[in-house]
Amino acid sequence: MDVDFGNALASVAVTGVSEASLERLDRRVGRAHERIAAGIEDRTFGYASLALPEETDPTEIRTALEGFDPEAVVTVGIGGSALGAKTVTEALGCAGHHTLDNVDPVETARLLEELPLESTLVNVVSRSGTTAETLSNFLVVREAMTEAGVEWTERTVVTTGDSGPLRDLADRHDLPTCSVPEGVPGRFSALSAVGLVPAAALGCDIEAVLEGGAEGRQSLSPSLFETPAYAYGAVAYALENRGATTNAFVPYAEALEPLSEWFAQLWAESLGKDGLGQTPVRALGATDQHSQLQLYRAGRKDKLVTLLRPREREDVPIPDTDVDELSYLGGETLGGLLDAEFEATEASLAAADQPNVRLEIDRIDAESVGQLLYELEAACILVGELSGIETFTQPAVEWGKRAARGLLGGGEFEEAEAVEGKTSRRVE
Ligand SMILES: O=P(O)(O)OC[C@H]1O[C@](O)(CO)[C@@H](O)[C@@H]1O
């Protein structure tokens with residue numbers, strides 16, 4: 001990806017960062033890069049994520065999928081165990097990928113009604129193998145397949161860690177499995193089997209995705225001024241230190257909307273530590289110019305707006321019109337209108353002292369998507385290094401899990417008592 005942070009400079013936006021500050025910060029970026037590079041080489045926990053382009057074996061994935069030629073794939077997983085896979089298939093237009101990454105009974109029932117179960121591949125993904133939502137949905141899907149007369153063991157592939165309930169189930173039923181790489185948190189696993197099985201099953205070029213990731217690896221160097229990923233991470237970090245506690249991530253491409261969900265987990269779960277972290281907001285261009293832009297432009301100056309677009313895209317002409325006030329659109333194209341709105345929104349934010357950064361990729365294809373995923377991960381890891389936080393764990397999410405388990409009789413957890421003791425002040 002290319003990064004243009006001109007609109008994040010103090011010379012443009014009052015809450016921006018000065019060139020001099022970035023020059024000083026670049027020395028810290030260089031030291032952080034040395035730590036990151038060493039962590040990649042040593043496959044240290046978390047940093048191992050940035051070794052995935054070398055470590056992920058497409059052959060393992062394709063072997064596990066041998067004999068499957070599904071009409072549809074349903075990924076039963078949650079968080080990083082679903083978002084990366086959804087991002088890849090949606091970006092690459094691999095039709096037929098569905099995700100069950102929530103336990104909304106209406107949605108699960110709807111999807112099971114809609115899916116051609118006899119020609120659907122069930123892709124169960126959980127690093128721990130213990131995630132309640134994933135296992136509950138899998139049990140429901142398995143029962144639906146049985147009731148439909150489909151032998152579930154012949155239509156299920158599992159991606160999980162080396163041990164745990166899901167690994168045991170896969171072994172017990174001799175299910176095809178892929179491994180979740182050691183030392184790679186779920187939100188950083190898109191360039192592993194976790195993120196690539198559905199794309200492979202639906203005929204997408206996962207090798208090219210990994211080639212893009214490898215180009216991302218090659219792009220890392222000790223300076224933010226020579227490394228797009230570090231330029232984005234360093235500017236996001238500097239802006240957070242100047243009050244930008246929100247990062248609105250706005251791709252101008254429908255195919256990249258799931259990327260925003262993936263980015264939100266990556267940014268929030270990695271950087272939301274010790275009272276720090278930018279709140280990622282998922283938005284979509286041009287649609288959210290008609291909803292959230294008012295806030296970005298005239299609300300609190302506590303934001304970074306990240307604008308992402310492909311430079312090339314398939315296009316659709318806009319027919320001529322005899323409606324006078326719309327005649328300027330005739331003969332244009334929808335892509336031309338989208339690009340004009342991207343640039344107009346970018347300029348409107350700068351004109352309102354709202355720092356924004358432009359990310360661009362050549363086009364939305366397997367290689368560009370792989371490189372984009374890799375470089376956003378690297379950007380996130382750099383922010384973690386500069387912030388001095390523990391980027392790769394997520395202890396804060398465990399409290400709620402224990403409370404829910406206690407409420408369901410899954411053990412004695414003091415967190416469940418806190419739920420019972422809720423302070424109420426209802427208005428009806
Ligand atoms: O792959 P698993 O172990 O089911 O975890 C799913 C998701 O839940 C989390 O562990 C948070 O609870 C995420 O970090 C992870 O992506």
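Ligands are counted one by one from 1 in listed order, and the atoms in each one are counted from 1 as well.
- Distances below 4.0 Å separate heavy atoms of Gln394 from the following atoms of ligand 1: 14 (O).
- The closest non-hydrogen atom to atom 15 (C) of ligand 1, taken over Gln265, Arg187, Glu133, comes from Gln265.
- Defined by atom type and a distance below 3.5 Å, a donor-acceptor pair is missing between the side-chain atoms of Thr59 and Arg62.
- Checked against the 6.0 Å centroid criterion, the rings of Trp152 and Phe138 qualify as a close aromatic pair.
- Of all the atoms in ligand 1, the ones that sit under 4.0 Å from a non-hydrogen atom of Ile78 are 6 (C), 7 (C).
- Looking at ligand 1, you won't find any N or O of Thr134 less than 3.5 Å from one of its N or O atoms.
- Contacts between Glu398 and ligand 1 below 4.0 angstrom, taking non-hydrogen atoms only, are absent altogether.
- Side-chain contact between Asp171 and Arg167 is present, with heavy atoms from C-beta onward closer than 4.5 Å.
- When all heavy atoms of Val397 and Glu269 are compared, the closest pair comes out as CG1-OE2, 3.8 Å.
- A donor-acceptor pair shorter than 3.5 Å cannot be found between the side chains of Arg313 and Tyr252.
- Among all protein heavy atoms, the one lying closest to atom 14 (O) of ligand 1 is Glu269 OE1, 2.9 Å.
- For the pair Arg309 and Phe342, the cation-pi criterion (under 6.0 Å, within 45° of the ring axis) is fulfilled.
- Remark: minimum distance from atom 5 (O) of ligand 1 to any protein heavy atom is reached at Thr131 OG1, 3.6 Å.
- Nearest protein heavy-atom neighbour of atom 3 (O) of ligand 1: Ser128 OG, 2.7 Å.
- Close approach to Gly80 involves these atoms of ligand 1, each under 4.0 Å from a residue heavy atom: 16 (O).
- Using modelled atom types, one side-chain atom of Lys273 and one backbone atom of Thr393 make a donor-acceptor pair closer than 3.5 Å.
- For a threshold of 3.5 Å applied to N or O pairs, the pair formed by Val397 and ligand 1 contains no separation below that value.
- Tyr47 and Glu385 share a donor-acceptor pair across their side chains, judged by distance under 3.5 Å alone.
- For atom 1 (O) of ligand 1, the nearest non-hydrogen atom of the protein is Ser81 OG, 2.6 Å.
- For ligand 1 and Lys401, the ligand atoms under 4.0 Å from any heavy atom of the residue are 10 (O), 11 (C), 12 (O).
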